[in-house]
Amino acid sequence: METPKIFESEYHFCEILWDHEPVSSGELVRLCSEKLQWKKSTTYTVIRRLSQRGVLKSENAVVTSLVSKEEVQSKESAEVVERTFSGSLPGFIAAFVRKKSLTPDEADEIQKIIDSYKN
């Protein structure tokens, strides 16, 4: 199954869900009010929309995700690389590090990731 598209405000909602799931819809309303300044109706609308798109499920007033944070991040990252850099991951990385210098620890972590894919 392909990871559904999640828009920015929905992503912020999903971050709350991922941090607290499984969570009651009432508690989710409270958390969204506190963290996103959403009204109750907004939270329930987003729950309904994301449920229809297969991002989450709501059963017996308990909400759980069907898509992980990592899946969403991977899809979004791949879309940015494809749209902005014609699919060139080296082009993306070069552009990224031109604006943000890497710490030695970050460089080591990236190198470990690359090495794990080489082997």
Notebook entry, point to check: Going from CZ on Phe7 to SG on Cys14, what distance comes out if it is rounded to the nearest 0.5 angstrom?
Noted result: 12.0 Å
Check: According to a 4.5 Å side-chain heavy-atom criterion applied to Ile, Leu, Val, Met, Phe, Trp and Tyr, with indirect links allowed, do Ile114 and Val97 form part of one hydrophobic cluster?
Finding: yes
Item checked: Nearest-0.5 Å distance that lies between atom SG in Cys32 and atom NZ in Lys39 -> 14.5 Å
Note to self: Tell me whether Arg49 at atom CZ has more than 12 heavy atoms from other residues, nucleotides or ligands lying less than 6.0 Å away.
What the structure shows: no
Note to self: Check Glu27 with Arg30, please: is the shortest side-chain N to carboxylate O separation under 4.0 Å?
What the structure shows: yes
Check: Are any of the side-chain heavy atoms of Val23 and Val62 separated by less than 4.5 Å?
Finding: no
Next item on the list: Hey, could you give me the NZ/OG distance between Lys40 and Ser25, rounded to the nearest 0.5 Å?
Entry: 8.5 Å
Check: Got a sec, which residues hit side-chain contact (heavy atoms from CB on, under 4.5 Å) with Tyr11, two or more places apart in sequence or on another chain?
Finding: Ile6, Glu15, Trp18, Lys69, Val72, Gln73
Note to self: For the CD1 atom of Ile110 and the CD1 atom of Ile93, what is their distance to the nearest 0.5 Å?
What the structure shows: 6.5 Å
Notebook entry, point to check: Would you say Glu21 has more than 12 foreign heavy atoms packed within less than 6.0 Å of its CD?
Noted result: yes
Next item on the list: List the steps, then state whether salt bridge (charged side-chain N to carboxylate O under 4.0 Å, His left out) holds for Glu2 with Lys75.
Entry: CA-CA 9 Å; Glu2 185 175 325; Lys75 178 180 173 129; 3.1 Å; yes
Next item on the list: Could you tell me whether the side chain of Pro4 reaches within less than 4.5 Å of the side chain of Leu50, counting heavy atoms only?
Entry: no
Checklist line | More than 12 heavy atoms from other groups under 6.0 Å of CD on Glu8 | finding: no
Check: Is Lys5 paired with Glu79 through a side-chain N to carboxylate O contact shorter than 4.0 Å?
Finding: yes
Notebook entry, point to check: To the nearest 0.5 Å, what is the distance between CH2 (Trp38) and CG (Leu28)?
Noted result: 8.5 Å
Note to self: Under a 3.5 Å cutoff, is there a donor and acceptor pairing between the side chains of Glu71 and Ser74?
What the structure shows: no
Next item on the list: Please tell me if the side chains of Asp115 and Lys112 come closer than 4.5 Å, counting only heavy atoms from C-beta onward.
Entry: no
Checklist line | Side chain proximity check, Leu17 to Val63, heavy atoms < 4.5 angstrom | finding: yes
Checklist line | Minimum-distance pair of heavy atoms, taken over all atoms of Ile16 and His20 | finding: O-ND1, 2.9 Å
Notebook entry, point to check: Say you draw a straight line from CZ of Phe96 to CG of Leu102; how long is it, rounded to the nearest 0.5 Å?
Noted result: 7.0 Å
Margin query: Does anything in residues 63-86 form a ring pair (Phe, Tyr, Trp, His ring centres under 6.0 Å)? List the pairs, not counting sequence neighbours.
Written below: Phe85-Phe92
Note to self: List the residues meeting side-chain contact (heavy atoms from CB on, under 4.5 Å) with Thr103, not counting sequence neighbours, and say none if there are none.
What the structure shows: Asp105, Glu106
Check: Heavy-atom distance under 4.5 Å between the side chains of Ser88 and Val81, does that happen here?
Finding: no
Notebook entry, point to check: Is the closest side-chain heavy-atom distance between Leu56 and Ile47 below 4.5 Å?
Noted result: yes
